[in-house]
Amino acid sequence: MAALDGAVKKALPQKPSAALASAVKAAPEGDDWLHEIKFDGYRILARLHKGDVQLISRNGNDWTRKFPEIRHRLEKLAVQDAILDGEIIALADDGTSSFRNLQEALSARDTRGLVYQLFDLQHLDGYNLAAVPLQQRKEILHQLVNAANTDDASPLVRYTDHIRGHGPEFFGQSCRLGLEGIISKKIDSHYRTGRGTIWLKAKCANQEEFLICGYTRPNGGRKGFGSLLLGAWHGDELVYTGRVGTGFSQNLLLSLYERLRELTSEECPFPSPPENEVGVRWVTPTLIAEVEFTEWTRDGVLRHSSFRGLREDKEPAEIQLPEAAPQHAQVKKPKAVAQTAKGAQTAKGAQTAKVAQTTEAAQTTKVAQTTNVAPATKKARVNQAEVAGVRLSNPDRILFPDQGITKLHLAQYYEDIAEWVLPLISNRPLSLVRCPDGRTGECFFQKHPRTVISEAIPRVDIPEKEGTKPYLYVTALPHLIGLVQAGALELHVWGSRVDKLEQPDQLVFDLDPAANVSLKEIFRVAFELKQRIEDLGLATFPRITGGKGLHLVVPLVPKLEWEEAKNFCRAIAQQAASDDKTRLTANMAKSKRHGKTFIDYLRNGRSATAIASYSTRARPGAPVAVPVSWDEVNDSLTPNRYTLENLRRRLGALQSDPWQEFEEARRPITSKMLAKAGLKKT
DNA sequence: GAAAGCG
DNA sequence: CGCTTTCAACGCTTG
DNA sequence: CAAGCG
Ligand SMILES: [Mn+2]
Ligand SMILES: [Mn+2]
């Protein structure tokens, strides 16, 4: 150690402090930067002294007792004394870290699944390493962690790897994967505590911390609070920054509500109270909420905000108004008189009149949008909303309880991504999975609209065995919102369009892995099938389904009718299966699938459907089916990694549509192809 | 979610 | 009138 | 043919 350049003999500090990263818009270029994935957890310094371990939070509190397993693991590190720097996270199977899961683990006192990701080393065995170049500090740390983990397949304490250079590419790739962002560090830098410019953070979405300053009463049937009112310090003035009403599970919402009730205050904490906030309960601003949002409106409030968790490791005074916030709101003088919540009118009558969420800034997307909470008139119209001109009943009904995602939020999701979803879903007959009481309620499949669904959504009559039946299809955003109003959580589409129903314009090969098939194997199978289809002269585009598998979608010029098309698909699937009998089957029977991947070619029948691109799934985690490009099909991808909560990060980072070439790649199925697939010419 | 049925 | 009940797919494969 | 499948 003494031989190490920069190491200085020094006593172990009693109260170590951490280096902090400064926010930047883009990742730095050049080989003199190292880049790490940004974790979504708690920043923790570990102080090791003669077998004794102390875990210290960002604001200097002793959190050792919160993480007994990690403490125990650190006690076994082969060091006399050390200061380690890292982040404690809840690590999911797909390699992502979730702050929500971390907090749930902490409040349930079940911290066994948590992992300590170490990325720096301040002090080791009598020497201060602050002046040792970063790369060397990380090498020493790496060896230390490796030596301790030799016989551990799933270690609790891990070394955090980095890539050198290629910052902008790494950042783009991280965002396309739906991650939070990256941290960039100067390769030869010393360890400097406090905020500096040698550690930089680039984020994939707007995410900031705000003080919880109040809450609204819940709307019909809901418990606890409806949404939180947020603020931040601007100098010594507390400024209102908007509300957040999604992102909490039921449990979290109720426990947060208990804490807020103890903080309730008669007095509005804002010198300039927000306008039109009726029936708000104010609280003393002490709790800190981490919030993700799409943008600031011109009024200086958050748009599309979503709660990510409570920060227990910061001080309220640290919460300053971000520089990106428009100055507008602070200048504005109060119009409305501050209300102290007194159960005025009926409980339900305490309805927020209008959220400051439709401003000019909010109107800039391609698709016309109007997202309003309707004014409370008397009592009849209470609790209704409108999106894209379509009336939503029960906008506050929770459809995904673990995420607190409501019907209004689902409608806003489709409004937000309309330009992505509409080209891929328009003019195709639909089947729906409806869950009017949410994902965990009773769900059912629906093919025919009957009375349930808005007359404004177009129908096409399709001949069936006996007579002709109506099917829904969409051509525009309001139709999608109409489906949301009906409680549709999954949209499944035909492989043909309403103007050419009998001739498919796309095929779907649905790869359904058995439970114990690894991702690697699914993807290997997918590439082999891709090759097989390309050899026939057709293109394939991959789509992760939001469930467990993957689709290969084949663009066609409509020519053959359904029966011939399906025969073609069956021949391909059976050929693939017979060439790889151990890993594949073309037999739908579950008993024949054990340990294998089923090539479900049966999506390619008349009236068969497949999940639509960008449709949500009625599954845990609020996943979404997402078109990807073939070069994204690798170890980083999982079939359900994109969700209602993180898809926006991906779309924002995409340089181009991963299915950009889809239209140009259309080809008819020729008799040559049929012959090559082993079918007789027609 | 919405219409029909029931007390 | 308000509360409860009912309904919301189906064709093809497989053994 | 009934049962299973998505
Ligand atoms: Mn599937
Ligand atoms: Mn399938």
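Quick caveat: nothing in here was measured; it's all calculated off a predicted structure. Proteins get letters first, then strands, A, B, ... in listed order; numbering begins at 1 in each.
- Between the CD1 atom of A:I462 and the P atom of C:dC10 there is a distance of 12 Å, rounded to whole Å.
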Item to check | A:R308 vs A:S306, side chain to side chain donor-acceptor pair (under 3.5 Å): CA-CA, chis, key distance, verdict | outcome: CA-CA 6 Å; A:R308 288 290 176 260; A:S306 178; 2.8 Å; yes

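- Among the atoms of the strands shown, none is found under 4.0 Å from any heavy atom of A:E466.
- Residue pairs meeting the ring pair (Phe, Tyr, Trp, His ring centres under 6.0 Å) criterion with at least one partner in residues 467-486 of chain A, sequence neighbours excluded, are A:H448-A:Y471, A:Y471-A:W494.
- Residue contacts for A:D437: at a heavy-atom cut-off of 4.0 Å it reaches no nucleic acid atom on any strand shown.
- No hydrogens or angles were tested; on distance alone, nothing pairs the side chain of A:Q485 with the base of B:dA2 as donor and acceptor under 3.5 Å.
- Phosphate contact (OP1/OP2 of C:dA9, side-chain N/O of A:K469, threshold under 4.0 Å): absent.
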Item to check | Verdict with supporting geometry, A:H409 and A:F400, ring pair (Phe, Tyr, Trp, His ring centres under 6.0 Å) | outcome: CA-CA 10 Å; A:H409 295 126; A:F400 293 90; over 10 Å; no

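- Considering CG of A:L424 and CG of A:D657, their distance stands at 7.0 Å, rounded to 0.5 Å.
- In the model, A:Q485 has a side-chain atom that pairs as donor or acceptor with a side-chain atom of A:K407 under 3.5 Å.
- Remark: C1' of C:dA8 and CD of A:E490 are 15 Å apart, rounded to the nearest angstrom.
- With rounding to whole Å, A:Q446 atom CD is found 4 Å from C:dA8 atom C1'.
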Checklist entry - Can you give one letter per nucleotide of nucleotides 1-6 of chain D, going 5' to 3': B for a protein heavy atom under 4.0 Å from the base, S for sugar-phosphate only, - for none? => result ---BBS

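- Note on A:R570: a side-chain N or O is less than 4.0 Å away from OP1 or OP2 of C:dT13.
- You'll find that the side chain of A:K592 is closest to C:dG15, out of C:dG15, C:dA9, C:dT13.
- Rounded to whole angstrom, the span from the CD atom of A:E442 across to the P atom of C:dT5 amounts to 13 Å.
- A:A586 comes within 4.0 angstrom of the backbone, heavy atoms only, and of no base.
- Taking the centre and axis of the six-membered ring of A:Y642, the NZ or CZ atom of A:R650 falls inside the cone set by 45° and 6.0 Å.
- With A:L430 as reference, A:L483 is the one residue of A:T609, A:L483, A:V460 to meet the side chain to side chain contact (heavy atoms under 4.5 Å, CB included) rule.
- Close to C:dT14, at under 4.0 Å from its OP1 or OP2, lies a side-chain N or O of A:N587.
- Nucleotides C:dA8 and D:dC5 place their P atoms 23 Å apart, quoted to the nearest Å.
- The distance from atom OH of A:Y601 to atom P of C:dC12 is 12 Å, rounded to the nearest whole Å.
- Using a 4.0 Å cut-off, no side-chain N or O of A:R434 falls inside it from OP1 or OP2 of C:dA8.
- Atom pair A:L432:CG and C:dC7:C1' shows a separation of 15 Å (rounding to whole Å applied).
- Across all strands, A:H448 comes closer than 4.0 Å only to sugar-phosphate atoms, never to a base (heavy-atom distances).
- Remark: A:E502 pairs with A:R606 by the side chain to side chain donor-acceptor pair (under 3.5 Å) rule, at least two apart or across chains.
- Summary of the strand contacts: A:K465 and A:P436 both lie near DNA chain C, and taking for each the nucleotide with the nearest heavy atom, the more 5' one is attributed to A:P436.
- Here B:dA2 presents its P atom at 12 Å from CZ of A:R391, a figure rounded to the nearest Å.
- Between A:I599 atom CD1 and C:dT13 atom C1' there is a gap of 16 Å when expressed in whole angstrom units.
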